[in-house]
Amino acid sequence: MESKLLKKDKLPSFLERLMESSLLVAPVREDGLLIYRPVSSVSEIELNPGRSVLPPKDWFFQQTEAICRYNTAGGQLLLEELVTEKNAVLYGLHPCDIRSLAVLDAVFLAEPADRYYAARRKNTALIGMSCTAGRPECFCTAFGISPVGGEGADIHLTDIGAAYLVEVLTPKGKELAAKYQEFSEEKVAGLEEVKKARKEAIAAQCSVGVDQGVLPAKMAGVFDHPYWEELSRRCLGCGICTYVCPTCHCFDITDVNSGSEGERLRCWDSCLFRDYTLHTSGHNPRHELYQRLRNRFFHKIKYNYDRYGIEGCVGCGRCVALCPVNIDIREVIATVRGLSE
Amino acid sequence: MKEITEILRREAARLLKEGIEFFIGYAAGSIPVSARPFFAARPEEVDDLVFNTFCVHNLVKYLIRYPNKRVAVVVKGCDNGAVSRLVQERHLDRTKITVVGVPCGGMIDRNRVLAELPPAARIEAVEDRQNALVIRTGQGEHVFEKKLYVMAKCQVCAKNNPASVDIMLGKEAPPVADPERDPFKEVKEIEALEAAGKAAYWERLIRRCLRCYACRQVCPACSCTECSFEQAVPGWQQGAMWLTKAKTLPDNFHYHLIRAFHVAGRCAGCAECERVCPVGIPLMLLNNKLTKDIKELFGEAPADACGVLCTYSPADPDEFA
Amino acid sequence: MSVSKSEVMEAKEKVWQPKIVAFLCNWCSYAGADLAGVSRLKYPPNVRIIRVPCSSRINPQFILRALQRGADGVLVAGCHPGDCHYVSGNYFTRRRLLLFKRLLEYVGYEPERLKVRWVSAAEGARFADTIKEMVDELAYLGPNIRMREIK
Amino acid sequence: MPRIGVFVCWCGSNIGGVLDCPAIAQEAASFPGVVFSTDYKYVCSDPGQKMIADAVIEHRLDRIVVASCSPRLHEETFRQTLKRAGLNPYFLEMANLREHCSWVHPHAQEAAQRKAIDLVRRAAAKAALLEPLFPNRIPVNKRCLVIGGGIAGIQAALDVADAGLEVVLVEREPTIGGNMAKLDKTFPTLDCSACISTPKMVAVAKHPKIKLYTYAEVEEVSGYIGNFKARIRQKARFVDHTKCTGCGTCWTRCPSSVPDEFNEGLGERAAIYIPFPQAVPNKPVIDAAHCRQFTKGKCGACAKLCPVGAIDYEQKDEVFEIEVGAVVVATGYGLFPWEKVYGEYGYGRYPDVITGMGFERLVNAAGPTGGKIQRPSDGKEPQTVVFIQCVGSRDEAKGKDYCSRVCCMYTAKHAHQVLEKIPDAKVYVFYIDIRTFGKGYEEFYRRVQDEGAVYIRGRVSKVFQEGSKLVVKGADTLLGEQVEIAADMVVLATGVVAAKGSHDLARMIGIPVDKDGFFQEAHPKLRPVETHTGGVFLAGTCQAPKDIPDTVAQASGAAAKVCALLFKDDLETNPMVSRVNNALCAGCLACQGVCPYRAIQPVTITERLPGQPPRERVVAQVNEGLCQGCGACTVACRAGAIDLKGFTNEQLLAEVDALCL
């Protein structure tokens, strides 16, 4: 691994240069909301971002994505697939969000790979950013994530005061580093200690731990526990937790017609919605809200782990912060542990 | 506030002993400066009940889930209108519900308070004083004068003591609203814009909508068994596909305009839609616009069971002649 | 967004002409539009009529849908208040659309985009005049681009 | 997937002369679902209809689009065609290429062609979503309600009753007879109006199939064709008609006197009265507003004098409900209230300016002067009489631009009567145009001129009193000079207007009125006695001004329509009514609030969802007999649970989408 330094005042010009050859997707604050979106000028970017409202997954797995166009005029079917080939750089990903891409990769890149996701993933370079402080809802360490770790990013930045520590982690990162080496300097000693101290400070704030590999197994035993019904009483059945979740990846397919032509759209769906598993017959295996809410937590903690060997939660805390009725996955984890003991 | 909490617990325990199914109130939240809805089902659970200045939630919507059960619910003044509306629209049997009113001194706008704390400050304690909220962080004590940090709806609230409830807890609270403040000030500001300015304002906001439907789910006026925007399969349910799941500007607009129109004259002003929106769309600006126009066009909303759009007067203004 | 556009469509785009979708009640306004035809009154060919039994059948969502999918203007026409074939339908229409029109204007539609008119079965000329008036107004405003996905 | 056939009609050159019909048919072939399309000269002709039926078989079509004229004209024709071809008749959708395109856009053929294609695309998009609809059958109540007892109502009632059906005739005045009973003679035959109308009045009273309610009003009509309910208020007469013999003692001895409305205020009557000697029923009522017993609380003269004790001051209004299958509205006309707007004629300040109807009473033997023509001011016989026509007719400045149709002729008759009764009298008639379209009318007009009436073409600009004379100033537009006549009496030919209260009645029954307040017929040419509300028919001047023969003809026409309806045992209902999707209905009943027909009621259902225990809940239910298919409920329903068959949300959205491409 290659490490360098990037002086803070050089970051904007570095990003500017990146924009010359790639689309730059970066955190931007709109009306106080931090979101990731393509930018046209560095001045729009929040260089040292906190946690965004929406996770960066929207760049790879868009909330609404046209996947093909069709035309049936004259009795013939014309199809045009819509795969993005554009090069992009995604700047300012925190470690939890970087990890979330590994979770999504497990779903979308397993054969047969999803080509829309795969194309964007392949064409996008990731620039990570260590956290400088924890938030009250953060608990990434529960999943073994280091708040200063860059694993999964191509280049990872850590704020060390006047400069960023730059870790070049992948061949794609190396390419970038080489291309823009005029911005970097040689690293000074002692930075690993700064990182370690930062990690410990943030970890101390994270109140929840998950015994990796153990909790998923425990959950099997509490599927029928009345706890889920009790928990669901205050649940509104909205889609906030799933839409702000960096790893939720359910979608629905819709065709939007306009005469004999149209588009096929892939749209996010939420397992909390009542029509999520509704069958054509009218039967719904998860008719009750508690069944849907339970499914979400089982998916996050158990099903995803069972299937892919990685939890479906990265401890980013977005759902905890944004749930209008304060359904807190950390409490759910703690309760499940208590129930099964 | 402590006093109210004590009376609340006492009453809840009494009602639960009398055999009600649930006492729906509030408990402390797991994140700073918050509360959460809480369903007490047994007398021993009442000790978790609280009432404080963070109890923003309108709990009335939950009643729809229990149409045939005996349930008690805590309401603030702004939540209360939803009860009679749901009774009028036959979703609730008023005789089965016990409405427990609490005097409200205004609810704290959590986001505004948190935004003013120093970044990365760890909240150690929150103290709710009479007129102020005191938050202690690692970096010292922060005092927030409540009057300045109550939610926007509280600043124009004219009914902070719920009327015609079954049980009223505690003493009447003094008025919260700032009498100088025009409830339709923001609406009028938008009305004063040119068409292009209005469009730019709304397009920016509405484009952001995630269609998570939290505003609909929390709204007590959104009382349909199944929302028309969920009927995604044309033909099969004999329904029409009004909207796709696609998060597109036209569909987002369709959703918000029609939702606002569906609750026109039925919105009780609890502003829960606006509070729960994860992307900060000021939805009350739509609801208030309709409320304002209804007042101007048709006078005060009639007590008609199905609201202002289910009735008419031959003397209504006629701009279409 | 089409893969291959018909020539008609292309020709249409060259010279923009306002497109009006009109919802007319069967008993008065549709009959009024018929009368305009029977009387051979000329009016611009920019309007496309959808027949409904009563103006109270017109869901505001139809209007919004038309405005979002391609109409530059929408006309709603029904019997004069008090003359509804179904007794009171147009009174409800009036209430609904007074409110809905204001809502549309509030979010940025120009007032001319939605017109509501009472046109009786005897008012063929009024129907023709309404269309002329709308076409003039919409031509002045230009294409409707509000609340549409611009690709 | 439906198989749609599109048939584009040329309508000769009506459509084909402006639009390229083969090109439309060709374009239509590419629309989703269209498997066959063609064009034809006249699709509504027999060979045209046969072509559709053949194509249905040959191409296995199951939805038909006919692009031709207005569906208001030929929808029923083509539905029958479909039926004959073995398809559900509601699998039809029409595109209106004639009234809405070729006839109105001949100046813009290219754009009209594009529009026509759009209209067909719309129709095809709707056709693809059409569902089969099936009418129900409802029973027919074989009784008819006639509202209004003038000559129109009388004629309609007698014709229907003579056909063997029961009739209920309701008249708001104390007697039937209407305006015709007030007329002295009828033009142009000069036969006595009472002589020809009173036998019919008596026939009504005596007819075993007619139930007559006078001094009664219809307060509410609900229900629908074949099954109406009417609420009738019998106003208190304060005279028990079962006891009263009509001897007349009471009204001759009553101490009150009141201006007599029957005599247009030119005479007086008592507070207990019959309007005129041949009134039917020939029994009095008490006008409580002017009776001393009611206004002062004491008198009781009539009660003391009545030999049979029929006076009952305690009598109350009675309200009752009747059920009928058809309604004939024959509520007649009123006269233009000239006093309010004609300042030039003195706003009614001059007693010797009277109306034509006033003149009728003045010249009538049973009138206030016993048939002598005397001026109201001093009772002198007028030597110079000026008639002014078109007072409140054909006068846009006074808000009435239509012709009242009867004034030219009744003025000619009046002129004749003056000249006949007053030797050497001078008669002047100011007119705009003379309209004498009826049988024998023109001859009568000539005769009156020959008798000496002077016709002056022009409007009168002013009438004013000078001594005992009325000075009439006007223009003779034929000679182009000013005219001034010193008259003893001026008679205004006031126009015919809608009867008092007709607007309220229209709303109550649910029929439209035209711009002048007359009831709107269903079609000005082909359905002149029907209204847009099934089972409600029009007779006489409530529909438009007309003379007696036309009134009687229309009344008989309405009666024939009633018979045609009531001789059926049951009726097919319109299947385009609302339906409720119980799964979506939340039972809020917002729909009930907007339904004008009270067709929606709550009903408790047991809901069985897959895998769920059964649950009872309330949903809305539509009574298909009452529902008229307006669709107001579908918009009130936020969930979209209530939809209108034939105009469903899905179909309408498809139409919008098709037009917005």
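The sequence lines fix the lettering, A, B, ..., with proteins before strands; numbering per chain opens at 1. Any value given below was found using the heavy atoms of this structure, including those in side chains, with hydrogens, waters and symmetry copies removed.
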So what's closer than 4.5 Å to chain D heavy atoms on [X]: side chain, backbone, both or neither?
X	result
Val74(C)	neither
Ile49(C)	both
Ile58(C)	backbone

Seminar exercise, completed: The interface call for Asp514(D) against chain C, heavy-atom contacts under 4.5 Å, is neither
Exercise. Which region of Ala636(D), side chain (C-beta onward) or backbone (N, CA, C, O), has a non-hydrogen atom less than 4.5 Å from a non-hydrogen atom of chain C, or is it both or neither?
Worked result: both
For the atom pair [atom1] ([X]) and [atom2] ([Y]), what is the distance rounded to the nearest 0.5 Å?
X	Y	atom1	atom2	value
Arg114(D)	Asn46(C)	CZ	CG	9.5 Å
Leu644(D)	Asn59(C)	CG	CG	12.5 Å
Ile50(C)	Gln651(D)	CD1	CD	12.0 Å
Leu661(D)	Arg69(C)	CG	CZ	9.5 Å

Exercise. Looking at Asp643(D) and Arg57(C), does any basic side-chain N land under 4.0 Å from a carboxylate oxygen?
Worked result: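 Looking at Arg57(C) together with Asp643(D), the answer is yes, because their closest N to O distance falls below 4.0 Å.
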If I compare all heavy atoms of [X] with all of [Y], which pair ends up nearest, and what's the gap?
X	Y	result
Leu652(D)	Val52(C)	CD2-CG1, 3.8 Å
His107(D)	Tyr43(C)	CE1-O, 3.5 Å
Cys660(D)	Val21(C)	SG-CG2, 4.1 Å

Exercise. Using a cut-off of under 4.5 Å for heavy-atom pairs, which of Pro596(D), Pro71(D), Cys630(D), Ala632(D) has the most such pairs with chain C?
Worked result: Cys630(D)
For this session: Name the option with the most non-hydrogen atom pairs under 4.5 Å to chain C; the candidates are Thr531(D), Ile509(D), Asn96(D).
Result: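 That would be Asn96(D).
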Problem set entry | salt bridge (charged side-chain N to carboxylate O under 4.0 Å, His left out) partners for Glu75(D), two or more places apart |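 Once residues adjacent in sequence are excluded, the partners of Glu75(D) under the salt bridge (charged side-chain N to carboxylate O under 4.0 Å, His left out) criterion are Arg51(C), Arg79(D).
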Exercise. Can you name the side-chain contact (heavy atoms from CB on, under 4.5 Å) partners of Arg507(D), sequence neighbours left out?
Worked result: Tyr91(C), His503(D)
For this session: Compare all side-chain heavy atoms of Val635(D) with those of Gln61(C) and state whether any distance is below 4.5 angstrom.
Result: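 Counting from C-beta outward, Val635(D) and Gln61(C) never come under 4.5 Å.
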For this session: Using a heavy-atom cutoff of under 4.5 Å, enumerate the residues of residues 22-33 of chain C that contact chain D, numbered in order, or state 'none'.
Result: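 The list, in residue order, reads Phe23(C), Asn26(C), Trp27(C), Tyr30(C), Ala31(C), Ala33(C).
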Exercise. Any residues in residues 125-134 of chain C near chain D, with a heavy-atom distance under 4.5 Å, and which are they?
Worked result: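 Result: none.
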Problem set entry | Residue pair Arg96(C), Val594(D): steps toward the side chain to side chain contact (heavy atoms under 4.5 Å, CB included) verdict | CA-CA 12 Å; Arg96(C) 289 165 184 162; Val594(D) 301; 4.2 Å; yes
Problem set entry | Heavy atoms from other residues, nucleotides or ligands near CD of Glu137(C) exceed 12 (cutoff 6.0 Å) | yes
Exercise. Are the side chain of Lys19(C) and the backbone N or O of Leu659(D) linked by a donor-acceptor pair below 3.5 Å?
Worked result: yes
For this session: Check whether any side-chain N or O of Lys42(C) sits under 3.5 Å from a backbone N or O of Pro106(D) as a donor-acceptor pair, and report yes or no.
Result: no
Problem set entry | Among the listed options Ala71(C), Gly37(C), Pro45(C), the residue most often paired with chain D at heavy-atom distances under 4.5 Å | Pro45(C)
Exercise. Between Gly70(C), Cys54(C), Pro53(C), Ser55(C), which residue shows the highest count of heavy-atom pairs closer than 4.5 Å to chain D?
Worked result: Pro53(C)
For this session: Mind running side chain to side chain contact (heavy atoms under 4.5 Å, CB included) on Asp34(C) and His100(D) for me, showing each step along the way?
Result: CA-CA 6 Å; Asp34(C) 278 359; His100(D) 291 185; 2.8 Å; yes
